[in-house]
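As the structure is a computational prediction, the values presented were derived from the model and not from experiment. Atom set for the values below is all heavy atoms of this structure, side chains included, hydrogens, waters and symmetry mates excluded.
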Amino acid sequence: MNTILRHKGWIWGFRSTVLLYFIMLIVLPLLGVYFNSFSLGWSMFVESVSDPIAWKSVLLTLKLAVIATLINVVIGTMIAWVLNRYSFFGRSILNSLVDLPFALPTAVGGLMILLLLGPGSFIGSIAESLGFEIVFHQPAIVIAMVFVTFPFVIRAVQPLLEEIDPSEEEAAYTMGASGSRVFRKVFLPSMAPGMISGGMLAFSRALAEFGAVVLVAGNIPGRTLIASVFIYGEVESDNAAGAAAVSIILLTLSFSILWCINLVQMRGRRS
Amino acid sequence: MKKYWITLTYIVFIVLIIIPLLKIGSGAFSEGFSGWKDSLIRPEAIHALLVTGLVVVVVTCINTLFGVMMAIYLVRSHWLSRKIKSFLNSLVDLPYAVSPVIGGLMIVLLLGPESIMGGFFENIGFRVVYAFPGMVIATLFVTFPLMVREVMPVLQEIGAQQEEAASTLGAYGWTTFWKVTWPSIQWAVLYGVVLTVARSLGEFGAVLVVSGNIMNKTQTATTLVYQDVENFNVIAANSVALVLAAISIGLLLMMEWTKRRKGVS
């Protein structure tokens, strides 16, 4: 038995199986999308992309994802700060709750927001009487994106806060710097790489989000139809080439963000 | 000042996470316990939960096996040049950047009935898209980076010295793996398994596109929730969502536990 197991062929068999699996599962499908969107020629690609519903959905996605990311960078930095610097009742519970949006199915997340803010709910009816419309409008999409991307900034900033040398802070105070000045000059620069890379991760996730958004957005073309829902609609109506054309815009965007994150992290490691 | 920030943090958590969770619970029980039970014992709900369970089991097994091997190859192998390794390493993260809907679309394009490969499988009587295999492939695609990314840093940290010592002393590949490598990566692998289970349980976009969401056939728990919401059957949606949320919270607790074990060992 052992001599059979030790045969060289096994090792090469394993190696090629794993690499083949990887290429078939990850690389081939990606190339397939790029290939498919250009399969009918460049002009067809331009035509699918220049459809106003298509490019408006991409622009809307970008706009809302930027808003959601900015909200998350602010809230996330604050929460990371509070969770790491202060000790108070319930801190460790809150710290584990941070990951809940990762663990929760996104469709359940969407349903939660729908229940909380939807028509007939307490907050929904207050907002409606004030003339606001939340669910099935853009605010709901932003809320869904914020919920889904909530952990990213916190988890990126926390390790950086732990690494800060307390003597730097003490030195700054000893030399008479005020609290807000210490925050700006000592803490903010050390947290910045985490805020940037966490923010970019959150941004790329917000661009890609589907499950939570499809339930709360009204999906009205041009106003509340975001790119991933648009792609889904195109697939459902059997227009695969159109779906692929919009997909590669989104994909190219996300890949460049991923590449930027790698650059930021590499620079952070070198310094 | 400090009190003010802590209160603000509590408010964010309560508004963003705790109230929505309670809302799912109260929504599921809004017609009492029997309303919750009735929507769960609908045949389509039972079927959907079973399909989800099956997808989770299959995906977790395959992903664990290939993820651990990929991580070992990416960190340890001498038969790949350094450049190829770092190139493959950057490819591992791609599924993170891909919208789940696009992930589903890729599989439909590649293996759908109109494609070359899909047509071939269709001819030999094996359906991939709009059937169980397609759903597994879609979920595998989405969950691929999780295991690799958990195991790789641990392998890098422990270094190759002990393994080299073991093979110098005459241990064979398998023995080295089980006696030396496995004990140091086991908690990372477990953490990766929990993450994979959570992600494949909750996968929605990719599965929705690939499965076609056919009731009592390819419907999973998350796509059932979606369909119930679309049909304005809110109590049923809540009941299934509550089950999913409860499992997620259980997984979250397990994540915390393994994280602590990982830190200790």
Side-chain angles (χ1 to χ4, degrees), chain A residues 2 5-6 11 14-15 18 21-22 25-30 32-33 36 75 78-79 81-83 86 88 94 96-97 99-100 102-108 111-116 146-147 150 204 207-211 214-215 228 231-232 235 240 243-244 247 250-251 254-255 257-258 262, chain B residues 2 5-6 8-9 12-13 16-17 19-21 23-24 27 66 69-70 73 79 88 90-91 93-110 137 140-141 144 172-174 198 201-202 204-205 208-209 222 225-226 229 237-238 241 244-245 248-249 251-252 255-256:
Chain A
N2 255 335
L5 273 178
R6 256 178 262 148
I11 298 175
F14 266 135
R15 289 174 182 177
V18 171
Y21 171 82
F22 178 64
L25 190 70
I26 311 286
V27 184
L28 205 62
L30 281 171
V33 172
N36 220 287
I75 297 183
M78 181 197 87
I79 290 179
W81 171 267
V82 171
L83 286 180
Y86 303 143
F88 55 92
L94 290 190
S96 4
L97 268 182
D99 284 326
L100 189 75
F102 276 157
L104 210 64
T106 49
V108 176
L111 179 61
M112 283 177 171
I113 293 163
L114 193 63
L115 283 179
L116 198 65
V146 169
F147 177 80
F150 181 66
S204 71
L207 280 185
E209 184 45 41
F210 173 71
V214 73
L215 285 175
S228 56
I231 295 169
Y232 175 63
V235 175
S247 299
L250 265 193
L251 279 178
S254 322
F255 289 157
I257 295 167
L258 202 67
N262 270 335
Chain B
K2 184 182 153 186
W5 288 117
I6 293 173
L8 207 58
T9 306
V12 170
F13 271 98
L16 205 59
I17 291 181
I19 294 182
L21 266 182
K23 202 76 190 173
I24 288 268
F66 282 100
M69 296 224 290
M70 191 74 201
Y73 287 159
W79 47 280
L88 288 178
S90 55
L91 287 184
D93 278 332
L94 289 185
Y96 279 148
V98 175
S99 170
V101 184
I102 301 178
L105 172 68
M106 289 177 193
I107 289 157
V108 172
L109 287 179
L110 207 65
I137 297 174
L140 278 175
F141 174 82
F144 185 75
Y172 292 109
W174 277 112
L201 183 81
F204 173 65
L208 183 65
V209 173
T222 46
V225 170
Y226 172 65
V229 174
N238 274 320
L244 288 174
S248 314
I249 292 172
L251 288 169
L252 195 69
M255 272 188 223
E256 285 298 309

Query raised in the report: In Å and rounded to the nearest 0.5 Å, what is the CG to CG distance from B:L16 to A:L97?
Result: 11.0 Å
Report summary line: Separation between CZ (B:F13) and CD1 (A:I75), nearest 0.5 Å, reads 10.5 Å
Query raised in the report: Side chain, backbone, both or neither: which part of A:F150 has a non-hydrogen atom closer than 4.5 Å to chain B?
Result: side chain
Query - Minimum side-chain heavy-atom gap A:Y232-B:L105 below 4.5 Å - result: no
Report task. Answer yes or no: is there a side-chain heavy-atom contact under 4.5 Å between B:V98 and A:L251? Result -> yes
Requested in this report: Just say parallel, tilted or perpendicular for the rings of B:F204 and A:F210, cut-offs at 30° and 60°.
Outcome: parallel
Query - Region of A:I26 that comes under 4.5 Å of a non-hydrogen atom in chain B - result: both
Query - Rounded distance [0.5 Å steps], CH2 in B:W5 versus CH2 in A:W81 - result: 9.5 Å
Report summary line: Scored by heavy-atom pairs under 4.5 Å with chain A, the best of B:V12, B:L88, B:D93, B:V101 is B:V101
**Report entry** A:V235 portion near chain B, given a 4.5 angstrom heavy-atom threshold
**Finding:** side chain
Report task. Would you mind reporting whether B:S99 and A:L207 have side-chain heavy atoms less than 4.5 Å apart? Result -> no
Query raised in the report: Step by step, would you call B:Y226 with A:L111 a side chain to side chain contact (heavy atoms under 4.5 Å, CB included)?
Result: CA-CA 8 Å; B:Y226 172 65; A:L111 179 61; over 6 Å; no
Query raised in the report: So which of B:I102, B:L110, B:L208, B:V225 has the largest heavy-atom pair count under 4.5 angstrom toward chain A?
Result: B:I102
Query raised in the report: Pick from B:I137, B:V108, B:N238: which one has the most heavy-atom pairs with chain A under 4.5 Å?
Result: B:N238
Requested in this report: Measure the spacing between CE of B:M106 and CG of A:L25 and express it to the nearest 0.5 Å.
Outcome: 10.0 Å
**Report entry** By salt bridge (Lys or Arg N to Asp or Glu O under 4.0 Å) - contacts of A:D99 (at least two apart)
**Finding:** A:R155, B:K259
Requested in this report: Please round to the nearest 0.5 Å and tell me the distance separating atom CG of B:L244 and atom CG of A:L104.
Outcome: 8.0 Å
Report task. Compare all side-chain heavy atoms of B:L94 with those of A:V27 and state whether any distance is below 4.5 angstrom. Result -> no
Query raised in the report: Centroid-to-centroid, A:F22 to B:F66, below 6.0 Å?
Result: no
Report task. Answer whether the closest heavy-atom distance between the side chains of A:V82 and B:L8 falls below 4.5 Å. Result -> no
Query - Partner set under ring pair (Phe, Tyr, Trp, His ring centres under 6.0 Å) for A:F88, not counting sequence neighbours - result: B:Y10
Query raised in the report: Does any heavy atom of chain B fall under 4.5 Å from the side chain of A:S204, the backbone, both, or neither of them?
Result: neither
